[in-house]
2 protein chains.
Amino acid sequence: MKIDPKSKTDLSAQIAKAIRDAIVSGALIVDERLPSEAEMSEQFEVSRATVREALKRLAAQSLIRTQRGAFGGAFVNRLSFEEAYGQQITTSTLLLSMNAVSFETACEARFALERACAPLAAERRSADHLATMRAEIFRQTQPGLSDEGWCASDVAFHRALVDATGNPVLSYQLAGAVEAMQPLMNMITFTARSRERIVALHEQIADHCDAGDGTGIEATLGDLAAYTRALGQEMAAKRRAT
Amino acid sequence: MKIDPKSKTDLSAQIAKAIRDAIVSGALIVDERLPSEAEMSEQFEVSRATVREALKRLAAQSLIRTQRGAFGGAFVNRLSFEEAYGQQITTSTLLLSMNAVSFETACEARFALERACAPLAAERRSADHLATMRAEIFRQTQPGLSDEGWCASDVAFHRALVDATGNPVLSYQLAGAVEAMQPLMNMITFTARSRERIVALHEQIADHCDAGDGTGIEATLGDLAAYTRALGQEMAAKRRAT
DNA sequence: AATTTTCATTTGTCTGACGTTTAAATGTCT
DNA sequence: AGACATTTAAACGTCAGACAAATGAAAATT
C-alpha cells in the first residue's frame with residue numbers, strides 16, 4: 001500500500017482507496033482487524049486525523065466497522081444484503097431526483113425489471129409470500145388508507161413479488177428500482193377510482209402467482225405499467241394546464 | 001438539524017445523517033454550497049475535526065464535493081450516472097464475494113435481469129449499439145485473445161445490449177448485475193470450444209436484435225443462461241474431484 | 001485596459017491532549 | 001479453587017489550536 005504525498009488528490013482519499021483495494025482484492029478478509037489508527041498513521045506517514053478521515057470514508061460505504069476500547073479497532077465488515085439494499089436505495093433515489101429522469105423512463109425501467117422476476121416468482125412462490133401479497137391487497141382496499149400508506153403498501157406488495165423469486169441477488173438489484181420509484185409515485189394523487197383499478201390488477205397478479213402462471217404475471221404487469229404510465233401522463237397534462 | 005451529544009452513535013455519523021437527510025429531502029439543492037467547516041462546527045457545537053469526518057463520509061457517497069481556497073467549500077454534488085454505476089459495481093462485487101453467493105444464484109439473477117431488456121432493446125436498437133455488438137463478437141473470434149480480454153469483451157457485449165434499450169435507469173440498474181459477475185466468470189477457464197459456442201449465441205442475439213425480434217433475444221439469452229450454468233456446474237464438479 | 005500583486009477565505013494536514021469505552025489482567029474474598 | 005470486584009492498558013472519539021496550500025476577488029501597477 002503506497003501513498004504519494006505529492007499527488008493532487010487528498011491523502012485521506014488515497015489511503016481510503018488503498019485499503020478499499022486491499023479489501024476488494026481479498027488481501028484483507030472479512031472480520032480481519034486493521035492496524036490501529038496510530039499504527040496506520042506511522043505506516044502511511046500521515047497524522048492520525050488523516051487516517052481517521054480515510055476510515056470514515058470506508059465506514060460510510062459499510063466496508064469497515066469500528067469498535068472502541070481495548071482490543072477494539074477497525075474490522076473489515078461483511079457487507080450484508082440489508083446494508084447493500086439501503087445504499088442502493090439512497091443512491092437510486094438521489095440519481096432519479098437529481099437527474100430529472102422522466103416518470104416515463106423510470107416507470108419503464110421499473111416494470112421491465114420487475115417483469116424479469118415473473119417466471120421465477122411463479123415457479124417458486126411460497127405460501128408466505130402469497131400471504132404477504134394478499135394482506136397488502138387487503139390493506140389497499142381499506143377506505144381510510146392515507147396516500148402514504150397506500151404507497152408503502154404498494155411497495156410492500158411488489159417487494160413480496162420480487163422476494164418470491166427466492167433469489168437474494170435479484171431482490172437486491174430490484175430493491176433500488178422499486179423503492180426509488182416511491183417518491184415519484186407519491187407525486188401522483190391517487191383517486192379512489194385509480195386505486196380500485198390498481199388493486200384489481202394486484203389481485204390478478206396474486207392469482208397468477210398462486211396458479212404458477214408466469215406468463216400471466218408478465219401480462220398483468222404490462223397492464224399495470226401501461227396504466228401507471230397513463231396516470232403519469234394525465235398528471236403531467238394537468239400540471240401543464242395550471 | 002439537531003444533534004444529540006449524549007447519543008450512543010458517533011457525532012460525525014449524526015452530522016453526516018443530518019446533512020444527508022437535508023440533501024435527500026431537497027432542503028439542500030444541487031450545487032448549493034454548504035456552510036464552511038468552521039461555521040458548521042459552531043452551528044453543531046462540535047470541533048472542526050468532527051465536522052470534517054462527517055463531510056468525508058458524504059464525499060465517499062459522492063453526495064458532496066469539496067473545493068479549496070476562497071469561495072471554496074463543500075457543494076452538493078449532482079450524482080451522475082457514471083458515479084452511481086461505479087458505486088453500484090463495487091457494492092455488488094463485494095456483496096457477491098463476501099456472502100458466498102453461488103454461481104447458480106448470481107447467474108440466474110443476471111440473466112433474468114438481462115432478459116428484461118430484450119423487448120426494449122429489440123424495439124430501439126440503434127446502428128451504434130449493433131456495431132458495438134458486432135465488433136465485440138469479432139474480437140471474441142480472435143484466436144490470441146486472453147481470458148481477461150475475453151471476459152472484458154463479454155461484458156462489453158452485454159453492456160451494449162443493455163444500453164440498446166436507450167433507458168439510462170435500466171442501464172444503471174443492470175451495470176451492477178453484469179459487471180459484478182465478472183470475477184465469478186473469471187473463475188471459469190474458457191476452453192476454445194466453449195468460446196465458440198458462446199460466440200455463436202452472441203451472434204444469434206445480434207441477429208435477433210437486428211431483426212427487432214425481442215422474443216428471439218429472450219430465447220437465446222435463455223440458452224446462454226443454461227449453457228453458462230452448465231459450465232459452472234462442470235467447473236464445480238471438477239473442483240470437487242481434485 | 002491589461003496585467004500583476006495582494007489578501008482574505010477555506011480546505012488539507014499536523015500536533016498534542018483528554019475523555020470514554022472495553023476487555024483482559026490482577027487482586028480479593030469466600 | 002472459584003466467583004466477584006478492581007485495576008489497567010489499549011484503542012477510539014473528540015477537542016483546541018496551529019500552519020500550509022490553494023484560490024478567486026479586489027486592489028495596485030504598468
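- Both cation-pi conditions hold for A:Arg159 and A:Tyr85: the charged atom is under 6.0 angstrom from the six-membered ring centre and inside a 45 degree cone around its axis.
- With hydrogens and angles disregarded, no donor-acceptor distance shorter than 3.5 Å links the side chain of B:Ser153 to the backbone of B:Trp150.
- If you check residues 70-80 of chain A against DNA chain C, the residues with a heavy atom closer than 4.0 Å are A:Ala70, A:Phe71, listed by number.
- The list of ring-ring contact (aromatic ring centres under 6.0 Å, His included) pairs with a residue in residues 152-186 of chain A, not counting sequence neighbours, reads A:Phe157-A:His202, A:His158-A:His202.
- Partners of A:Ser41 under the side chain to side chain donor-acceptor pair (under 3.5 Å) rule, at least two apart in sequence or in another chain, do not exist in this structure.
- Residues satisfying the side chain to side chain contact (heavy atoms under 4.5 Å, CB included) test with A:Ala225, not counting sequence neighbours, are A:Phe111, A:Arg229.
- Evaluation of the side chain to side chain contact (heavy atoms under 4.5 Å, CB included) rule for B:Arg57 yields A:Lys56, A:Ala59, A:Ala60, B:Ser12, B:Ala13, B:Ala16 as partners, not counting sequence neighbours.
- For DNA chain C, the outermost nucleotides in 5' to 3' order that have an atom under 4.0 Å from a heavy atom of chain A are C:dG12 to C:dA24.
- Using a 4.0 Å cut-off between charged nitrogen and carboxylate oxygen, A:Arg124 and B:Glu108 count as a salt-bridge pair.
- Residue pairs meeting the salt bridge (Lys or Arg N to Asp or Glu O under 4.0 Å) criterion with at least one member in residues 84-96 of chain B: none, sequence neighbours excluded.
- The side chain to side chain donor-acceptor pair (under 3.5 Å) search around B:Thr93 returns none, not counting sequence neighbours.
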Which protein N or O atoms sit under 3.5 Å from an N or O of nucleotides 15-19 of chain D?
| residue | atom | partner | partner atom | Å |
| --- | --- | --- | --- | --- |
| D:dC15 | OP2 | B:Ser47 | N | 2.8 |
| D:dC15 | OP2 | B:Ser47 | OG | 3.1 |
| D:dC15 | OP2 | B:Thr50 | OG1 | 2.7 |
| D:dA18 | N6 | B:Arg48 | NH1 | 3.4 |

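- Summary for the helix from C:dA1-D:dT30 to C:dT30-D:dA1: the axes at its two ends, each from 5 pairs, differ by 10° when rounded to the nearest 10 degrees.
- Taking the side chain to side chain donor-acceptor pair (under 3.5 Å) definition, one finds that B:Arg65 meets it with B:Asp31, B:Asn77, sequence neighbours left out.
- Of the residues in residues 56-68 of chain B, those lying under 4.0 Å from DNA chain D by heavy-atom distance are B:Gln67, B:Arg68.
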